[in-house]
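A quick write-up on the structure given underneath.
Quantities reported herein were computed from a predicted structural model and do not represent experimental measurements. Just the heavy atoms: all of them, side chains too, but no hydrogens, waters or symmetry mates, feed the values below. Sequential numbering from 1 along the given sequence is applied to the chain's residues.
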Amino acid sequence: MGQIISLAHGDGGELSHQLIQELFVEAFGNREESMFDATQLSLPTSEIAVTTDSFVIKPVFFPGGTIGKLAVAGTVNDLTVSGAKPLYLTCGFVIEEGFPINDLKKIVLDMANEAKKTGVAIIAGDTKVVERGSADGVFINTTGIGIIEKKLNPELIFNENDQIIITGTIGDHGMAVFTSRENLGISVPLLSDCASLNHMLGNVMKECDEVRIMRDPTRGGLATTLVEIAEDFSLTLVIEEEKIPIRDEVHGACDLLGFDPLYLANEGKAIIIVSKQESQKVLEIIKQDPIGKDAAIIGHVSGKEKSQLLLQTPLGSKRMLSRLTGTMLPRIC
């Protein structure tokens with residue numbers, strides 16, 4: 001196949017065939033499905049969830065993951081927090097001429113390994129090659145399909161005193177990618193939290209009946225995601241600053257660089273709003289999984305109709321938080 005991607009890898013000829021068969025099909029499997037222009041699926045239910053996402057992260061290799069792992073985990077998590085069991089993924093690659101094939105292989109194998117962990121099958125895809133300078137290494141687009149196992153209907157069932165849970169420390173991904181990208185020389189290792197949450201959150205959905213909503217706080221971070229929930233469902237949400245789990249090294253880097261961890265991207269965390277009665281049960285289930293060991297109840301629903309997110313400080317005062325304005329960290333996923 002050669003050592004770097006050439007335009008011929010995208011022209012549909014022999015090099016395209018080799019790339020698809022010897023790299024993508026070899027890693028992802030489902031060889032029979034790759035013989036056709038579309039894959040036929042049998043779904044055990046008529047209610048499905050579908051999501052599409054694109055990944056343009058820079059750099060494509062970052063502490064704790066790669067663009068390949070992120071593409072699978074990000075898509076799986078979007079399905080999972082919607083109450084769906086992820087089953088299938090498709091992926092499209094836009095590859096820049098000159099991109100090292102060994103690097104592409106690492107990315108594809110990371111995708112395959114993450115898909116195997118989650119139990120999803122990568123069953124269709126596409127590859128395009130663009131001229132040198134027309135892209136930035138490699139971009140990946142995915143579509144995920146899952147079956148709805150439990151339909152969430154939050155607009156009908158939010159109650160005052162419902163509890164807000166975050167499944168772990170915030171800001172890990174954003175800070176890890178930024179410090180890696182800028183070569184800041186920070187000696188304390190900062191690792192992305194990139195991870196698939198379907199097994200952990202699937203256990204929550206099986207055992208608990210009063211989960212109102214789940215969301216993954218990716219771009220815009222914890223604060224922006226909670227503002228969106230407050231606005232979408234006309235809620236007043238209160239979170240307590242002291243209860244929000246943040247790693248010391250992330251806090252330190254944010255202080256040094258002038259970032260607010262409440263607005264940093266996460267790629268392996270979920271926000272769960274659940275009834276007060278079931279909140280401890282949900283927390284216990286999450287903490288049984290290593291991914292959720294730092295989970296915490298960080299706030300509650302305090303009222304309806306106001307559409308606002310309030311942060312309670314250690315001194316007891318409250319201030320309103322807004323969604324992220326502008327671009328704090330571009331190319332983060």
Take a 6.0 Å sphere around [atom1] of [X] and say whether it holds more than 12 heavy atoms from other residues, nucleotides or ligands.
X	atom1	answer
Arg219	CZ	no
Lys150	NZ	yes
Lys287	NZ	yes

Report the distance from atom [atom1] of [X] to atom [atom2] of [Y], rounding to the nearest 0.5 Å.
X	Y	atom1	atom2	answer
Leu310	Ser317	CG	OG	11.0 Å
Asn161	Lys276	CG	NZ	5.5 Å
Ile332	Asn266	CD1	CG	10.5 Å
Asp248	His251	CG	NE2	8.0 Å
Ile298	Gln163	CD1	CD	10.5 Å
Leu19	Ile5	CG	CD1	5.0 Å

For [X] and [Y], indicate whether the former's side chain and the latter's backbone hold a donor-acceptor pair under 3.5 Å.
X	Y	answer
Thr179	Met175	yes
Glu96	Gly133	yes
Thr118	Glu114	yes
Thr167	Ala270	yes
Lys269	Leu222	no
Arg181	Lys58	yes
Asp216	Thr218	no
Asn141	Gly92	no

Same hydrophobic cluster for [X] and [Y], using side-chain heavy-atom links shorter than 4.5 Å among ILVMFWY?
X	Y	answer
Leu79	Ile48	no
Ile95	Phe139	no
Ile101	Val129	yes
Leu104	Leu7	yes
Val138	Val56	no

Taking the side chain as every heavy atom from C-beta outward, state whether [X] and [Y] have any atom pair closer than 4.5 Å.
X	Y	value
Ile166	Ile244	no
Asp294	Arg247	yes
Val227	Leu309	yes
Asn198	Lys85	no
Leu190	Phe178	no
Tyr263	Leu329	no
Asp193	Thr169	no
Asp172	Val250	yes

Any chance you could lay out the side chain to side chain contact (heavy atoms under 4.5 Å, CB included) test for Phe99 and Ile107, step after step, and finish with the verdict? CA-CA 12 Å; Phe99 191 75; Ile107 290 167; 4.0 Å; yes
Pair Ile123, Thr90 - check side chain to side chain contact (heavy atoms under 4.5 Å, CB included), show working. CA-CA 6 Å; Ile123 45 82; Thr90 72; 3.9 Å; yes
Nearest heavy atoms of [X] and [Y], plus distance in Å:
X	Y	value
Ile148	Ala49	CD1-CB, 3.8 Å
Arg212	Asp162	NE-OD2, 2.9 Å
Leu311	Leu262	CD2-CD1, 4.2 Å
Ala27	Ala112	O-CB, 3.4 Å
Gly64	Leu191	N-CD2, 4.1 Å
Glu278	Val211	OE1-N, 4.3 Å

N/O donor-acceptor pairs under 3.5 Å from side chains in residues 65-76, not counting sequence neighbours:
residue: Thr66; atom: OG1; partner: Gly68; partner atom: N; Å: 3.2
residue: Thr66; atom: OG1; partner: Lys69; partner atom: N; Å: 3.3
residue: Thr66; atom: OG1; partner: Asp110; partner atom: OD2; Å: 2.8
residue: Lys69; atom: NZ; partner: Cys194; partner atom: O; Å: 3.2
residue: Thr75; atom: OG1; partner: Ala71; partner atom: O; Å: 2.7
residue: Thr75; atom: OG1; partner: Thr142; partner atom: OG1; Å: 2.6

Polar side chain donor-acceptor pair, Glu267 to Ser192, under 3.5 angstrom: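 No, Ser192 and Glu267 have no side-chain donor paired with an acceptor closer than 3.5 Å.
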Side-chain donor-acceptor pair under 3.5 Å between Ser275 and Glu210, yes or no?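 A donor-acceptor contact under 3.5 Å links the two side chains.
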Just do the side chain to side chain contact (heavy atoms under 4.5 Å, CB included) check on Cys208 and Val274 with the steps written out, would you? CA-CA 9 Å; Cys208 303; Val274 60; 5.6 Å; no
Report the C-alpha separation of Arg323 and Glu228 in whole Å, then their side-chain angles, then the decisive distance to 0.1 Å, and conclude whether the salt bridge (Lys or Arg N to Asp or Glu O under 4.0 Å) test is met. CA-CA 8 Å; Arg323 66 178 71 239; Glu228 290 173 350; 3.6 Å; yes
Ile57 and Arg331: CA distance, side-chain angles, deciding distance, side chain to side chain contact (heavy atoms under 4.5 Å, CB included) verdict: CA-CA 5 Å; Ile57 190 170; Arg331 302 282 300 278; 5.9 Å; no
Would you mind listing every ring pair (Phe, Tyr, Trp, His ring centres under 6.0 Å) that reaches into residues 56-93, with sequence neighbours excluded?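 The answer is Phe24-Phe93, Phe62-His173.
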